[in-house]
Structure formats: C-alpha cells, structure tokens
Visitor: 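There's a structure below that I have some questions on.
For this chain, numbers begin at 1 and follow the sequence in order.
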Amino acid sequence: MSVRNHSFVTEFVIVGFPGLQPEFYGLASAVLFIVYSCTLIGNFAVLILFATPNILHKPMYIIILNLVVSDVLFSTTTLPKIIARYWFQAGAISFIGCFLQMYLVHYFGSVTSFLLLIMALDRYVAICFPLRYPMIIKNSTIHILNATAWIVAKACPLMMVIRAYPLPYCDSNTILQCFCDHISITKLACTDRAPYSFPAFVTAMVVLLGPLVFIIFSYCSIIVAVVQIASPQGRLKTLSTCSGQLIIIALYYLPRCFIYLASNIGIRFSTDLHIVIIMLYSLLPPMINPLIYCFKTKDMKQTLMKKFKKSTAP
C-alpha cells in the first residue's frame with residue numbers, strides 16, 4: 001500500500017501516560033528529566049574513567065563501554081521527547097520522525113541484547129576455560145564481536161519499519177506510549193495488523209530469547225565450574241566476578257520476558273501500568289548500570305576510588 005494513497009496521518013501525538021492528570025505534568029517531566037540527567041552523568045563518568053587508565057582497556061570493560069554508548073543513545077532517543085510533551089505540551093512528532101524513533105528504540109534494544117550475550121561469553125570463557133582465556137578473548141576479538149553486534153542489530157528493526165511504514169494510518173494519531181515503538185504505531189493502522197504483528201513478535205523473540213538461551217547456558221556452566229572449586233573463598237571470588245554482569249542481565253531480560261509472556265497468555269494490565277512497567281525496564285537500567293559498573297567491577301571501583309582520593313587530597 002502506498003503511504004501517499006492510503007495514509008492521511010501526517011504526524012503522531014505521543015500521549016505518554018493517558019491517565020495522568022494535567023496538574024501532575026510538571027512533576028512527571030521533572031522526574032523524567034532527573035532520570036535523563038542521572039543517566040547522562042553516570043554514563044559519561046564511566047566514559048571518563050575508561051578514557052584515562054590503561055587498566056580498564058580489557059575485554060570486559062570494552063564491552064561495558066559499548067553498553068554505556070548504547071544506553072546513552074537509547075535514553076537520548078526516548079526521553080527528550082516525552083519530557084517536552086509534559087514540560088512544554090509538545091507531544092507532536094512527524095510521521096517520519098516517529099518511524100525513525102521506532103527504528104532507533106528497537107535498534108538500541110537489540111544492540112544491548114547482543115552485547116549482553118558477548119558479556120556472558122567473556123565470563124563463560126574466563127571461568128570455564130581460564131588457561132585458554134587470554135588466547136580466545138583478546139581485545140581485538142571483542143572489538144570484532146562488538147562491531148558485529150552493532151551491525152547485525154540493524155536487520156530486525158529495519159524489517160519492522162519497512163513492513164509498518166506502508167500501512168494505512170487514516171484514523172487516530174495518538175500513541176498511547178511514551179515513545180514510538182512497533183506495537184503502539186501498528187495499532188493505529190486501518191487494517192488487520194495480525195499479518196504484521198506476528199512476524200514482529202517472532203523477530204523480537206529471536207533477538208530477545210536467542211541471546212538469553214546462550215546466557216542461561218553460559219551461567220549454568222559457570223555454576224557447575226564454581227561448584228567444582230574446592231575452596232569456599234575461591235568459589236566466592238569467582239562468583240563475585242560475575243555478580244555485576246548478572247544484575248545487569250537480570251535488569252534487562254526479566255521484565256521484558258515477563259511483559260512478553262503476560263501479553264501472550266492473556267494477563268492484562270491497565271494501559272498506565274503497562275506503560276509504567278515498560279518505562280521502568282527501559283529507562284532505569286541505563287541509569288543504574290553505571291553504579292553497577294563502578295561498584296561491582298574491581299578495576300573500575302579501584303580507579304574510581306583513586307580518582308576520588310586524588311581529587312580530595314589537600
């Protein structure tokens with residue numbers, strides 16, 4: 001179908017939380033602005049830490065660097081528009097702009113999923129094959145894997161946009177979400193969305209569950225390897241090298257899996273609660289992850305403490 005012949009919508013309006021009363025718009029925008037500011041400050045602090053000492057130029061921290069970039073770009077793609085919607089009542093977004101935002105939202109989400117897979121691979125080799133780790137996981141290897149993640153992640157979001165863009169949008173233009181995504185946009189199409197939504201769902205499951213399957217396998221293998229360590233101190237030390245990564249992975253995957261499963265087994269939430277859950281799992285991890293990086297990874301924690309002591313020294 002041609003957009004020119006069948007689509008009468010020239011712009012979309014991002015509603016955000018439909019049940020939110022106007023007197024709370026200022027509070028909502030302030031909270032979202034604080035979240036965005038904390039995300040930028042925390043992640044840029046990690047970038048500064050990475051830029052200075054060579055001690056952080058290791059495979060794991062290169063992966064973290066890529067996660068930081070993905071988190072900042074995702075937050076910058078989504079938050080400024082919804083902040084403007086509540087702060088300045090500027091919720092309108094152009095037709096093309098909405099599809100661009102949809103592409104970027106799904107793209108950065110896919111990149112993060114693949115980067116978490118690489119993170120799990122790093123820990124799997126480090127703990128299950130410690131003697132071979134320096135030969136298998138090199139900085140150059142991680143650079144190649146990270147670049148592959150950024151490139152491969154383009155395919156699925158691009159397919160979603162190509163299939164959704166030509167649909168006829170001739171009725172409502174209000175998006176009941178805080179940003180443009182595939183589900184919220186295609187719901188507005190004046191046609192049966194089943195032929196378009198199911199392939200998109202399958203694609204999302206591949207991007208989400210494909211890496212998750214390997215992550216589960218890798219950490220099960222890690223647990224088996226840790227159990228075989230005779231010393232209790234050795235077990236704790238080995239597990240401590242994975243704790244930060246496990247928290248990051250859980251923050252990303254568990255809420256998403258819950259939403260996908262709930263929607264497909266008939267569990268229904270109110271529109272506002274559904275949007276709140278999506279916003280929590282989309283925007284809180286980019287804000288919280290820098291704290292996890294700095295306090296749950298040994299080298300970054302030491303680097304941070306050295307910088308703090310240096311800055312406070314008389």
Visitor: Measure from NZ or CZ of Arg85 to the centre of the six-membered ring of Phe17, then state whether that distance is under 6.0 Å and the direction lies within 45° of the axis.
Guide: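 Ring-cation test returns no.
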
Visitor: What about Phe50 and Tyr61, are their ring centers closer than 6.0 Å?
Guide: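 Between Phe50 and Tyr61, the centre distance exceeds or equals 6.0 Å.
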
Visitor: Taking all non-hydrogen atoms of both residues into account, name the closest pair between Pro211 and Val206 and its distance.
Guide: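 Minimum heavy-atom separation between Pro211 and Val206: CD-O, 3.5 Å.
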
Visitor: Can you confirm if the aromatic rings of Phe74 and Phe108 lie within a centre distance of less than 6.0 Å?
Guide: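 No, ring centres 6.0 Å or more apart.
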
Visitor: Only one of Thr39, Asn66, Asn289, Thr76 clears side chain to side chain donor-acceptor pair (under 3.5 Å) with Asp71; which?
Guide: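 Exactly one pass, corresponding to Asn289.
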
Visitor: Using atom types as modelled and distance alone, determine if a side-chain donor or acceptor of Gln101 lies under 3.5 Å from a backbone N or O of Asp181.
Guide: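 Judged by distance alone, no pair lies under 3.5 Å.
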
Visitor: Is it true that a side-chain atom of Ser218 and a backbone atom of Ile215 form a donor plus acceptor pair closer than 3.5 Å?
Guide: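 Judged by distance alone, yes, a pair lies under 3.5 Å.
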
Visitor: Taking the six-membered ring for Trp and the single ring otherwise, decide whether the centroids of Phe33 and Trp87 are under 6.0 Å apart.
Guide: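 Yes, ring centres under 6.0 Å apart.
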
Visitor: Starting from the C-alpha separation in whole Å, work towards a yes-or-no answer on ring pair (Phe, Tyr, Trp, His ring centres under 6.0 Å) for Phe95 and Tyr169.
Guide: CA-CA 10 Å; Phe95 191 89; Tyr169 300 94; 5.8 Å; yes

Visitor: Looking only at atom types and distance, does a side-chain atom of Arg132 sit under 3.5 Å from a main-chain N or O of Val125, one as donor and one as acceptor?
Guide: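 Not a single qualifying donor-acceptor pair exists.
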
Visitor: For Ser75 and Val72, indicate whether the former's side chain and the latter's backbone hold a donor-acceptor pair under 3.5 Å.
Guide: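 No, because the side chain of Ser75 does not come within donor-acceptor range (under 3.5 Å) of the backbone of Val72.
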
Visitor: Distance under 6.0 Å and angle within 45° of the ring axis: does Lys81 meet both against Phe179?
Guide: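 No; the conditions do not both hold, so Lys81 does not lie above the ring face of Phe179.
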
Visitor: Closest approach of Pro134 and Lys138, non-hydrogen atoms and distance?
Guide: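 In terms of heavy atoms, the two residues are closest at O-CG, 3.4 Å.
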
Visitor: Are the aromatic ring centres of Phe129 and Tyr133 under 6.0 angstrom apart?
Guide: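 Aromatic pair excluded; centres sit 6.0 Å or further apart.
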
Visitor: Just by modelled atom types, is the Ile137 backbone N or O under 3.5 Å from a matching donor or acceptor in the Asp122 side chain?
Guide: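 Side chain of Asp122 to backbone of Ile137: no pair is present.
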
Visitor: Has Glu11 got a side-chain atom pairing as donor or acceptor with Ala92's backbone, closer than 3.5 angstrom?
Guide: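 Side chain of Glu11 to backbone of Ala92, a donor-acceptor pair under 3.5 Å: no, none is there.
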
Visitor: Under 4.5 Å between side-chain heavy atoms, counting indirect links through other Ile/Leu/Val/Met/Phe/Trp/Tyr residues: same cluster for Met287 and Leu32 or not?
Guide: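 Both belong to a single hydrophobic cluster.
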
Visitor: Rounded to the nearest 0.5 Å, how far apart are CG of Leu188 and CZ of Phe12?
Guide: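 It comes to 6.0 Å.
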
Visitor: Judged by atom type as modelled, is there a donor-acceptor pair below 3.5 Å linking the side chain of Tyr107 to the main-chain atoms of Met102?
Guide: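 No, because the side chain of Tyr107 does not come within donor-acceptor range (under 3.5 Å) of the backbone of Met102.
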
Visitor: Can you check whether Met160's main-chain N or O pairs, donor with acceptor, with His106's side chain at less than 3.5 Å?
Guide: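 Checked: no pair found.
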
Visitor: What closest approach, in Å, do Ile63 and Leu115 show between heavy atoms, and which atom pair accounts for it?
Guide: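 That closest heavy-atom pairing would be CG2-O, 3.7 Å.
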
Visitor: In terms of hydrophobic clustering (I, L, V, M, F, W, Y; side-chain heavy atoms under 4.5 Å; direct or indirect links), are Ile64 and Leu284 co-clustered?
Guide: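 They do share one cluster, since a chain of ILVMFWY contacts under 4.5 Å joins Ile64 to Leu284.
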
Visitor: Give the intermediate values and the outcome of side chain to side chain contact (heavy atoms under 4.5 Å, CB included) for residues Ser184 and Leu176.
Guide: CA-CA 7 Å; Ser184 61; Leu176 299 180; over 6 Å; no

Visitor: Decide if the gap between the ring center of Tyr252 and the ring center of Tyr281 is smaller than 6.0 angstrom.
Guide: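 Here the rings of Tyr281 and Tyr252 have centres that are no less than 6.0 Å from each other.
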
